*Asks:* 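I am attaching a structure below and will ask some questions about it afterwards.
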Amino acid sequence: MSAKTVSILSGLFLSLLAAFCVGMWSTHKDWWPWQKTDEFRSAVRSFRATGRILPPYTFFRRRPDAANERHVVHDEAAIASGYWLINRFDADRVRYFVDLLDPSGEVVLSVPIDYSLVFDSGNPGEFVHAVAMLPDGSVIASWDTAMGMARFDPCGRVIWSRIDQVYHHSFTAGHEGYWTWQASRWDGGQDQKMVRFNPETGDILESIDLIDDVIGISASNSLALRMPENFSFDRDMGENEKADLFHPNDIEELLPTMAAAFPQFAPGDLLVSMRNIDMLAVIDRRTGEVKWVAYGPWNDQHDPDFNIDGTITVFSNNMDRFRSNIIRLDPRTGRTEDALLGTGLDFFSFIMGAHQILPNGNWMITSSMQGRVMEVTPEGRIVREYNNLIDETHNALVPFAEFLPFDYLTSVPTCAK
């Protein structure tokens, strides 16, 4: 082999090696070349599956036991009487809508949630993660990683908005105002606050800093949240630069109407979920004290709820176990159980997901990553279901769903153009 050939081959090898290293580093840092490659792969995958170019994690193959209709009542006599609020991704319009369904499945109202109306040059189809409907039919919404939250009227017009921070994961009604998590940036930022806000105006009424007002006030709190001594937090970390330590995803206030069932806690205490450490905790919002903490047997959990019988229930995602469940625990005794064990009910949402105990004793289960919402009896029998259909074989994402009693709304909301 001539010296010239060796030189050419060596140069080619070094060029390929350099390209490989650049590619690996771009992947590690999530730089532009990798982002575009990943976007292309995702577009090809969605087009092959659905004939549409859809964002990642917005489409899923429908379960064989799921109905091939958007809404089905299997047993009219057994369902709870009220509305279903569905936050859904619309694959045809590549947008998010909040639909209000009556018990027959008729869409009473459909509110488009358009981020471009809130943030200049924002993506109209930005991922809508958290929603709540107010009694007048207006909707508050926040986005997964994008700045801001906003209130929309029944036509989808903005009533108020704030784009100062990321407001993420959930909205829950407190005694006075709503609760959500606030972060300076996301995904996984360490600068997290629990905030209570006025849903009518968007004004922040109360703010509790997770680092300064909870972890930092005592050694026992720090230990409860698994923080070693003198841990150095980085409030300014960029996306994916450092470990997602907590991934907080829910806050629920213990309301006065339910406080008698939890004598070990006080009205106003906050039940919080930290997904990445499989932790549920109750925090005294006035002192910052962690009053109670438990880790598992839930895994990657979402949506813990106080219940009138003195138990806490939680949606256990079981990310790597391919089957989710609802776990009930008694915080006084530590006793836990699978609330639907032995019923044969099979659902799986590796992220997101929600549950709700209905007035008739049934469960409402939102299997977000299957694009499915079910009402099931305590025996696990499906009496009503909703599938966010794309085509004959696929469902689209349902980030959240909620049951609303008929008397929750002041009147049936309509869009007056």
Side-chain angles (χ1 to χ4, degrees), residues 87 115 118 126-132 140-151 161-199 202-216 221 224-227 233-237 239-240 242-254 268-285 288 290 293 300-306 314-315 317 351-354 368 399-400 402:
N87 172 27
Y115 187 58
V118 175
E126 190 71 47
F127 172 26
V128 179
H129 198 157
V131 301
I140 50 174
S142 67
W143 294 267
D144 190 48
T145 61
M147 288 283 185
M149 63 175 172
R151 178 184 174 196
S161 66
R162 52 183 311 136
I163 53 173
D164 55 328
Q165 298 273 284
V166 175
Y167 298 87
H168 61 88
H169 274 96
S170 64
F171 294 124
T172 55
H175 180 54
E176 294 180 339
Y178 274 67
W179 289 93
T180 191
W181 284 98
Q182 180 195 70
S184 55
R185 62 196 67 199
W186 192 255
D187 188 12
Q190 297 176 5
D191 184 26
Q192 300 285 340
K193 296 178 178 63
M194 295 168 269
V195 296
R196 181 169 59 91
F197 67 94
N198 183 340
D203 294 335
I204 302 298
L205 305 173
E206 183 176 354
S207 179
I208 303 168
D209 189 292
L210 185 62
I211 297 173
D212 294 338
D213 300 328
V214 180
I215 297 173
N221 277 10
L225 274 79
R226 298 187 172 180
M227 301 312 304
F233 289 97
D234 184 354
R235 295 181 186 270
D236 299 319
M237 61 176 278
E239 185 174 337
N240 299 319
K242 294 184 179 179
D244 183 355
L245 294 176
F246 306 113
H247 202 104
N249 59 26
D250 200 21
I251 311 169
E252 179 161 330
E253 180 182 340
L254 180 58
D269 285 350
L270 301 176
L271 172 63
V272 300
S273 168
M274 305 287 177
R275 188 199 75 175
N276 279 12
I277 52 176
D278 301 327
M279 187 195 83
L280 302 180
V282 173
I283 297 171
D284 185 326
R285 80 180 213 240
V290 177
V293 65
D300 313 308
Q301 78 287 341
H302 286 74
D303 188 32
D305 291 336
F306 288 118
V314 62
F315 188 104
N317 295 77
I351 54 176
M352 295 184 280
S368 298
F400 179 73
E402 182 180 20

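Everything numeric in this text was worked out from a predicted model, so none of it was measured.
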*Asks:* Check whether any side-chain N or O of Gln301 sits under 3.5 Å from a backbone N or O of Ser273 as a donor-acceptor pair, and report yes or no.
*Replies:* no
*Asks:* Minimum heavy-atom separation for Asp203 to Arg162, with atom names?
*Replies:* CA-NH1, 4.0 Å
*Asks:* Which pair of non-hydrogen atoms, one from Met149 and one from Gly202, has the smallest distance, and what is that distance?
*Replies:* CE-O, 4.4 Å
*Asks:* Under the ring pair (Phe, Tyr, Trp, His ring centres under 6.0 Å) criterion, do Tyr167 and Tyr178 qualify, and how do the steps go?
*Replies:* CA-CA 12 Å; Tyr167 298 87; Tyr178 274 67; over 10 Å; no
*Asks:* Please check this pair: side chain of Gln190 against backbone of Leu245, looking for a donor-acceptor N/O pair closer than 3.5 Å.
*Replies:* no
*Asks:* For the backbone of Asp305 and the side chain of Asp250, can you confirm whether one donor and one acceptor N or O come within less than 3.5 Å of each other?
*Replies:* no
*Asks:* Is the closest side-chain heavy-atom distance between Ile163 and Val118 below 4.5 Å?
*Replies:* yes
*Asks:* Between Phe400 and Phe171, is the ring centroid distance below 6.0 Å?
*Replies:* no
*Asks:* Evaluate side-chain contact (heavy atoms from CB on, under 4.5 Å) for Asp278 paired with Asp300, printing each intermediate quantity in order.
*Replies:* CA-CA 6 Å; Asp278 301 327; Asp300 313 308; 4.2 Å; yes
*Asks:* Any chance you could measure Ile211, atom CD1, to Met227, atom CE, to the nearest 0.5 Å?
*Replies:* 8.5 Å
*Asks:* Suppose we screen for salt bridge (charged side-chain N to carboxylate O under 4.0 Å, His left out). Which residues come up paired with Asp212, at least two apart in sequence or across chains?
*Replies:* Arg235
*Asks:* Just by distance, with hydrogens left out, do Trp181 and Gln192 show a side-chain donor and acceptor under 3.5 Å apart?
*Replies:* no
*Asks:* So, the side chain of Thr180 versus the backbone of Ser170: is there a donor-acceptor pair under 3.5 Å, distance only?
*Replies:* yes
*Asks:* Quick one, Val290 and Leu225 - any side-chain contact, counting heavy atoms below 4.5 Å?
*Replies:* yes
*Asks:* Supply the atom-to-atom distance His168 NE2 to Asp144 CG, rounded to the nearest 0.5 angstrom.
*Replies:* 9.5 Å
*Asks:* What distance separates Asp213 CG from Ile283 CD1, expressed to the nearest 0.5 Å?
*Replies:* 10.5 Å
*Asks:* Which of parallel (below 30°), tilted (30 to 60°) and perpendicular (above 60°) describes His169 and His302?
*Replies:* tilted
*Asks:* Just by distance, do the side chain of Asn276 and the backbone of Asp244 share a donor-acceptor pair under 3.5 Å?
*Replies:* yes
*Asks:* Would you name the heavy atoms of Val214 and Asn221 that are closest together and state the gap between them?
*Replies:* O-ND2, 2.9 Å
*Asks:* For Phe233 and Phe246, which heavy atoms make the closest approach, and how far apart are they?
*Replies:* CE2-CE1, 4.1 Å
*Asks:* Any side-chain to backbone donor/acceptor pair from Asp303 onto Val314? Under 3.5 Å, distance only.
*Replies:* no
*Asks:* Between Ser368 and Gly353, is there a donor-acceptor pair closer than 3.5 Å when you use the side chain of the first and the backbone of the second?
*Replies:* yes
*Asks:* Apply side-chain hydrogen bond (donor to acceptor under 3.5 Å, both in side chains) to Thr172 and Glu252, showing your working.
*Replies:* CA-CA 6 Å; Thr172 55; Glu252 179 161 330; over 6 Å; no
*Asks:* Taking all atoms of both residues into account, what is the closest heavy-atom pair of Gln182 and Asp164, and its distance?
*Replies:* NE2-OD2, 4.4 Å
*Asks:* Could you work out, with side chain to side chain donor-acceptor pair (under 3.5 Å) as the rule, every residue matching Glu206, not counting sequence neighbours?
*Replies:* Arg196, Arg285
*Asks:* Locate the shortest heavy-atom distance separating Phe127 from Pro399; write the atom from each residue and the value.
*Replies:* CE1-CG, 3.7 Å
*Asks:* What's the verdict on side-chain contact (heavy atoms from CB on, under 4.5 Å) for Ser184 and Gln165, showing C-alpha distance, side-chain angles and the deciding distance?
*Replies:* CA-CA 5 Å; Ser184 55; Gln165 298 273 284; 4.1 Å; yes
*Asks:* Verify side-chain contact (heavy atoms from CB on, under 4.5 Å) between Glu176 and Leu205, making sure each step is shown before the conclusion.
*Replies:* CA-CA 9 Å; Glu176 294 180 339; Leu205 305 173; 5.7 Å; no
*Asks:* Verify side-chain contact (heavy atoms from CB on, under 4.5 Å) between Ile351 and Arg275, making sure each step is shown before the conclusion.
*Replies:* CA-CA 10 Å; Ile351 54 176; Arg275 188 199 75 175; 4.0 Å; yes
*Asks:* Decide, yes or no, whether a salt bridge links Asp191 with Lys193 under the criterion of side-chain N to carboxylate O below 4.0 Å.
*Replies:* yes
